[in-house]
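Note that the coordinates shown come from a computational prediction; the quantities given were computed from them, not determined experimentally.
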Amino acid sequence: MDEINTQGSRSEVVFMATLISVILSFTLIVLRLISRIVILKRTSWDDYFIVLAWLLSFGLSFSICFATRYGLGKPDHDIIDEWRNTLSKSQYAFTVLYNPTLMATKTSILIFYLKLSENTQRVFRWVTIVTLVAVNLAGVAFTILNLTQCRPLHLAFQYPLPAAKCNDILKISLSSAPMNIITDCVILFLPMPLLTGLRLPRRQKIILIGVFGLGIFVAIVDVLRVVYLEEALQGTLDWIQSHENKESSRFTKYNDLAWYASLSFMWSVIEVNVGIICVCIPTLKPLVSRVWPRLLSDGGLIDKPPSPTQLRREIEELEPRGTCVNTLDFVTMPGDSKSLVNSLAGDIEASQTAIFGFVDLNVPKSMVKLSNRESLRPLISTALLSLVLGLAYGFLNTLNCQYQQSAKMPVQKMVVLHSSYFWGYFASPLTFGLQILKRGGFKPTFITGLCIYSCGILAFWPSAILPSYPAFVISNFIVGAGLSTIEVALNPFVSLCGPARYAEIRFNLTMAIQAIGTTLSPILARKLLFRSISDTSLINAQWAYLAIALMCILAALAFYYIPLPEVNDDELAELAAGSSEANSAKIGPIKVIYLTLGLGVFALFFFVGGRESAAVMTFRGPLTPNFTSPMIRNIGHGCFSIGCFLSAALLLILKPRHLLPLYQTGLITTAALAMSLPPKSTPVNIDIIMEFFFQSAIRPTIFAISLRGLGSYTKTGAALLTAASSGGAIFPAVMDPVMWARDQYAWCFMVACFSCTLVFSVYLNLVPKAQRQVDPVVEKREVSPRSEGEATESDRLEGLV
């Protein structure tokens, strides 16, 4: 018997919600034009684009309201055949108009930002330009996809759409959601550092941030739209399943597309109209000032104007703090007063000891001059960042493995997918990552890396929905580029922040904390997301991607306000000059510091290559001969964390060059034992877990040792060492044919890679000049300025005596 949708019609709800939203947006457009044309007698390009956005929104809204007359929102059995063609044309018009409407709305607000950024921060202006280009390029691309959703075009007006010749419009809509969310977040958060940088009374600043923060409602509505798009797509999957089971069902959820998709269409219209409303509200100040002048006064309700004496006193009180910008004038007319813009630029580019917003961002002293206690606070910040990265990496690895198993991906494709991640490590550190670190410092590099990382994570969303293997490859590359950008700054930051003798200890502790996140996240992912493998679980995973991306975006925003110590090349050169004899020594024609760095890059290249080859061999999927369960991997990450904690403790009594060969020898031994142990057995599982343990201290110790004594080249050395992880892109591809030809004896490939890392330890322990360069030196205890002053006074008294 046919399964009939007995639920009620949604047509009335969709019609009324759409009508109300378009009327409200029209009202705000009219008020904006009155404010601009009648009162200010001036318009600009952002006004033209917002009017264009409303005209497109009207067409969008009309297509939905018109479609409700012909069956949109009704169950399929209530739609008569004469309505089908008109309903299809209305839905086609809606899908074509949606992206241009968003483009025009976001272009309007971004042009406003460009006016706001005149003569101020160049970074703000360039990010605005990049966002503007991205919005329009993505909008054009998705508009073309919607226009050509069927070939030939007239098939788009048939009902139902012929699946063989038409793209799934729901999947295209869901695939565009990450781009919308990314640009919504950028538009929402981009002006916040600029606004909180203004020296304004707290009440005015809160009002200003609140006005610009209205964009949060657009993001919320966008998420609601995605919820209902997912519900409609779920109907498609149910239809596919019913056909696979050969069920005879005319009225399935797929056939009820007009009913299920109606709410997603409604929320799409609400999204664009709410966006228009939010863009118009900040421009209404001239009109509100004319109608209700007391509302926007800084002091609240004013009974009478201040006397000249009172006004002079207020000006004298404000002079020490600098010029105070009229907040709403600045918001409404950013390009109309040069004095306002110059005041803003002066506020932002003033001394770094100024107070930005609600957080006192006093510049700390150089990180290389911090004591252990003084370095604790910034190191806690970077440790939390490492924990976030560990959680994100664990979730992403689980999601990728889920996709590979669901798509039944062959091992060769898995290797390419795995390698694409590490090609990002080669591309980013040697290009923009190093340049940002050198020119901007650690904080801008952290923020840039987190933003790229978030974009890569959200790019997984359409990859999982379509599903698309090339899209997954690109997503992995972007994620690798983002993470390597973070590491370009994170690794030297941890090594340099505090006394130099404890660099290796700090680095191992940071890696231990990151491993804790990597251990916990797969467990959470499998408990919450993937209790079974299906296409539905991949669609549900989009919320995990969104949560991880938002977590990274919030971390980037937090890092803007967290005070972090910095260090410049001159201070690094001064630090290296403290051991000038050891650091300037040469072995032949090459300085020992450069030879140490080169061998460190060599060792890391082979170490990461061998480590990732082992991961591909044992964990990339059940089709591999030596596949080991994910639970063993989780236990291994736990042992990795334990190994890092243990190495940090051992470094209190051992020199780093003595500890390193111990872990390398253990790693080589476990890899060699794996060749003789039966696959998928308990002994080999224990051996793999111990391999994780011995991997733990090798990378952080090599990294910290290799940075010693580089002076002004420390940041360049950090980029080279980070790029050395690109060995993970090359060696697994080389190992794959060996694995299929020799089965478990392919472990000899990993043994060879790990043995190459011993060259670095042999060099450190047998070359006296290298020993003098890398051995930690006990530094003199630093004293704070206060205690320094007290000591000076004591010396004076002693001299008098």
Side-chain angles (χ1 to χ4, degrees), residues 11-40 43-68 72-73 90 93-113 135-136 139 143 173 176 180-181 183-184 187-188 210-226 228 262-288 291 331-332:
S11 299
E12 293 78 9
V13 174
V14 173
F15 178 84
M16 291 304 300
T18 302
L19 183 63
I20 292 172
S21 67
V22 75
I23 290 175
L24 288 175
S25 65
F26 175 73
T27 304
L28 268 294
I29 286 288
V30 171
L31 295 176
R32 175 180 180 136
L33 294 179
I34 292 173
S35 179
R36 293 287 191 174
I37 298 174
V38 177
I39 298 177
L40 294 180
T43 57
S44 58
W45 280 103
D46 56 325
D47 300 312
Y48 305 146
F49 273 100
I50 202 63
V51 171
L52 174 63
W54 186 85
L55 292 174
L56 293 171
S57 174
F58 175 78
L60 189 72
S61 304
F62 179 81
S63 66
I64 295 299
C65 292
F66 186 73
T68 58
L72 182 66
S90 298
F94 165 81
T95 57
V96 170
L97 289 174
Y98 172 73
N99 283 291
T101 309
L102 280 182
M103 285 168 55
T105 305
K106 293 180 180 180
T107 298
S108 175
I109 187 65
L110 290 168
I111 289 176
F112 175 79
Y113 284 0
V135 164
N136 286 276
T143 300
S173 299
S176 67
N180 289 339
I181 293 173
T183 52
D184 286 343
I187 291 172
L188 176 63
V211 169
F212 277 81
L214 292 173
I216 189 67
F217 293 107
V218 181
I220 292 172
V221 173
D222 195 14
V223 171
L224 291 173
R225 167 182 170 267
V226 172
Y228 287 101
S262 59
L263 291 184
S264 65
F265 291 170
M266 179 192 74
W267 283 108
S268 299
V269 173
I270 293 175
E271 176 195 3
V272 296
N273 284 312
V274 168
I276 292 172
I277 292 170
C278 293
V279 172
C280 289
I281 287 177
T283 65
L284 302 182
K285 188 260 180 180
L287 179 61
V288 176
V291 176
V331 171
T332 309

Residue pair [X] / [Y], side-chain heavy-atom distance below 4.5 Å:
X: L110; Y: V135; answer: yes
X: I187; Y: Y113; answer: yes
X: S90; Y: L72; answer: no
X: D46; Y: R36; answer: yes
X: L263; Y: R225; answer: no

[atom2] on [Y] to [atom1] on [X], rounded to 0.5 Å:
X: L40; Y: L33; atom1: CG; atom2: CG; value: 11.5 Å
X: L284; Y: I39; atom1: CG; atom2: CD1; value: 9.5 Å
X: D47; Y: F112; atom1: CG; atom2: CZ; value: 10.0 Å
X: L56; Y: T101; atom1: CG; atom2: OG1; value: 4.5 Å
X: T105; Y: W54; atom1: OG1; atom2: CH2; value: 12.5 Å
X: T183; Y: L188; atom1: OG1; atom2: CG; value: 11.0 Å

Can you check whether [Y]'s main-chain N or O pairs, donor with acceptor, with [X]'s side chain at less than 3.5 Å?
X: T68; Y: C65; result: yes
X: S21; Y: A17; result: yes
X: S57; Y: A53; result: no
X: S25; Y: N273; result: no
X: S35; Y: L31; result: no

For this session: Kindly indicate, with the supporting measurements, whether the criterion side-chain contact (heavy atoms from CB on, under 4.5 Å) is fulfilled by V269 and V22.
Result: CA-CA 8 Å; V269 173; V22 75; 5.7 Å; no
For this session: Take the angle between the ring planes of F49 and W45 and call it parallel below 30°, perpendicular above 60°, tilted in between.
Result: tilted
* To do: Please assess R32 against L287 for the test side-chain contact (heavy atoms from CB on, under 4.5 Å), listing each intermediate value before the final yes or no.
  => CA-CA 8 Å; R32 175 180 180 136; L287 179 61; over 6 Å; no
